[in-house]
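Let me begin by presenting the structure, written as C-alpha cells, before commenting on it.
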Number of protein chains: 2
Amino acid sequence: MLKVRDAMEIKSRLWIEKEGKPFIGFGRIKLLKEVEKTASISAAAKTLKMSYKKAWNLLNDMDKIAKQPVLVKNVGGKNGGGTEVTEYGKTLIQKFERLNTNCIKFLEEEFHQLDL
Amino acid sequence: MLKVRDAMEIKSRLWIEKEGKPFIGFGRIKLLKEVEKTASISAAAKTLKMSYKKAWNLLNDMDKIAKQPVLVKNVGGKNGGGTEVTEYGKTLIQKFERLNTNCIKFLEEEFHQLDL
DNA sequence: TATCGTTATATCTAAGTAAATATAACGGTT
DNA sequence: AACCGTTATATTTACTTAGATATAACGATA
C-alpha cells in the first residue's frame, strides 16, 4: 500500500573537485550566476547576503583551479571596475546545473520505489 | 582529444529528510554499521573517533524519526548493556548504501562525458 | 588631480559547533 | 550489596569557521 503523502524526501549535494580541492558546487555556481547577472562581485555578494571577502575567496579559488579563466576582473576605472563571467564560465554554470538536475531526477525515481 | 588523466572528479552526498529534519545520511549510516558490528554505541563512537555524546545524539535523532525502531538499547546488566540494530535498521543500511552506489555510478557516467 | 565604486587583502571579533568533562541511572554478575 | 561497563544527560571548555571592520590599490571620468 502506498501512502498518499510521505514526508520522507531525498536530498543531494554534488560538487566537482580537482586534486582534492573543491572546484565548483552548489554555492559557487549560485554566486557565479549572480556575478553574471550583476557584473560585480560586491553586488553579487550583497544580494546573496554574503561578505565580499567570502565571495571573493570562493570565486578566486575557483578561478585558480579552472583550466581556463572563469572571470575577467577589472579594477578601477569607470564605476570602479567590475567582473564579467567568461564564456567558459557560462558553460560551467550550464553543465553543472544540468548535471544537478539529472541527478535529482535520477534520485527521485530511485527513491520513490523504495520503502523506508 | 581526451586526456588520459584528468584530476577532476565528481563528488556527491545524499541524505534523506523527514519534515526538514535529517533522517539518514552518510555519517549516520556509517555509525549505524559500526553499532551493528560492535553492539555498542560507545564502542562504535570510539572506533569512529567520535564523542559518545555525538554518536548518541545522531542515533537517537534517527531513531525518533524512523517509523519503526532502528535500535534496541539495553541499559545496565551484563557488560553494562549494549545496543543492537533491528532488522529494520539493517534494511535501512542496505537500501541507503545501494542508493548511494547507484547515484555515484550514475554521476560518474554523466560526468565522464562532460568536458570541464 | 580629485572623485568614485570596485577589486584586493589583512586583521580582529563573534558565533556556532564540536569536544571534553562530569555525573547519574541502570541491572545482570559476583 | 558492591562492582562494572554501558546508556543517558547536563554543563563547561575549546576550536574552527564565518563575519565584521578597516584600508590600500586601481584607473576611467570629470
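To find a chain, count down the sequence lines: A is the first, B the second, and so on, and within it residues start at 1.
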Quick one: which protein N/O atoms are closer than 3.5 Å to N/O atoms of nucleotides 9-16 of chain D? Pair and distance per line, please.
| unit_1 | atom_1 | unit_2 | atom_2 | d |
| --- | --- | --- | --- | --- |
| D:dT11 | O4 | B:K53 | NZ | 2.9 |

A:K64 NZ to C:dA8 P, straight-line distance once rounded to whole Å: 12 Å

Taking only residues two or more places apart in sequence, or in another chain, which ones meet A:L58 in a side chain to side chain contact (heavy atoms under 4.5 Å, CB included)? A:R28, A:L31, A:M50, A:K54

Quick one: side-chain hydrogen bond (donor to acceptor under 3.5 Å, both in side chains) partners of B:E110, sequence neighbours excluded? A:N102

For C:dT7, take OP1 and OP2 only and decide whether either is under 4.0 Å from a side-chain N or O of A:T83. yes

Under the rule for side chain to side chain contact (heavy atoms under 4.5 Å, CB included), what residues qualify as partners of A:K53, not counting sequence neighbours? A:S51, A:N57

Hey, is the side chain of A:S51 poking within less than 4.0 Å of OP1 or OP2 on D:dA18, counting only N and O atoms? no

Can you see if the side chain of B:K73 gets near the phosphate of D:dA8 - specifically, an N or O under 4.0 Å from OP1 or OP2? yes

Return all side-chain donor-acceptor pairs below 3.5 angstrom for residues 10-17 of chain A, not counting sequence neighbours, or 'none' if the list is empty.
| unit_1 | atom_1 | unit_2 | atom_2 | d |
| --- | --- | --- | --- | --- |
| A:W15 | NE1 | A:E17 | OE2 | 2.9 |

Residues B:M62 and B:F23: closest non-hydrogen pair is O-CE1, 3.5 Å

One should read off an interatomic distance between B:I65 CD1 and B:I24 CD1, to the nearest 0.5 angstrom, of 10.5 Å

Collect all protein-nucleotide pairs involving nucleotides 22-27 of chain C in which both atoms are nitrogen or oxygen and the distance is under 3.5 Å.
| unit_1 | atom_1 | unit_2 | atom_2 | d |
| --- | --- | --- | --- | --- |
| C:dC26 | O2 | B:G76 | N | 3.2 |
| C:dG27 | O4' | B:G77 | N | 3.2 |
| C:dG27 | N2 | B:G77 | O | 3.4 |
| C:dG27 | N3 | B:G77 | N | 3.0 |

Residue pairs fulfilling salt bridge (Lys or Arg N to Asp or Glu O under 4.0 Å) with at least one residue in residues 72-86 of chain B, sequence neighbours excluded: none

When rounded to whole Å, the NZ to P distance for the pair A:K54 and D:dT21 reads 17 Å

Atom CG of B:L58 and atom P of D:dA8: how far apart are they, to the nearest Å? 14 Å

Residues within residues 37-48 of chain A bordering DNA chain C, heavy-atom distance below 4.0 Å: A:S40, A:I41, A:S42

Who passes salt bridge (charged side-chain N to carboxylate O under 4.0 Å, His left out) against B:D63, sequence neighbours left out? none

Measure CG/A:L71 against C1'/C:dT6 and give the value in whole Å, please. 14 Å

What is the distance from CG of A:L59 to C1' of C:dT9, rounded to the nearest Å? 15 Å

Tell me, please, which residues at least two apart from B:E97 pass side-chain hydrogen bond (donor to acceptor under 3.5 Å, both in side chains). B:K33

Considering only distance and modelled atom types, tabulate donor-acceptor pairs under 3.5 Å from the side chains of residues 87-96 of chain B, sequence neighbours left out.
| unit_1 | atom_1 | unit_2 | atom_2 | d |
| --- | --- | --- | --- | --- |
| B:T91 | OG1 | B:Y88 | O | 2.6 |
| B:K95 | NZ | A:D115 | O | 2.8 |

Atom pairs and distances, side-chain donor-acceptor, residues 40-47 of chain A, under 3.5 Å, sequence neighbours left out:
| unit_1 | atom_1 | unit_2 | atom_2 | d |
| --- | --- | --- | --- | --- |
| A:S40 | OG | A:S42 | N | 3.3 |
| A:S40 | OG | A:S42 | OG | 3.1 |
| A:S40 | OG | A:A43 | N | 3.0 |
| A:T47 | OG1 | A:E34 | OE2 | 3.2 |
| A:T47 | OG1 | A:A44 | O | 3.0 |

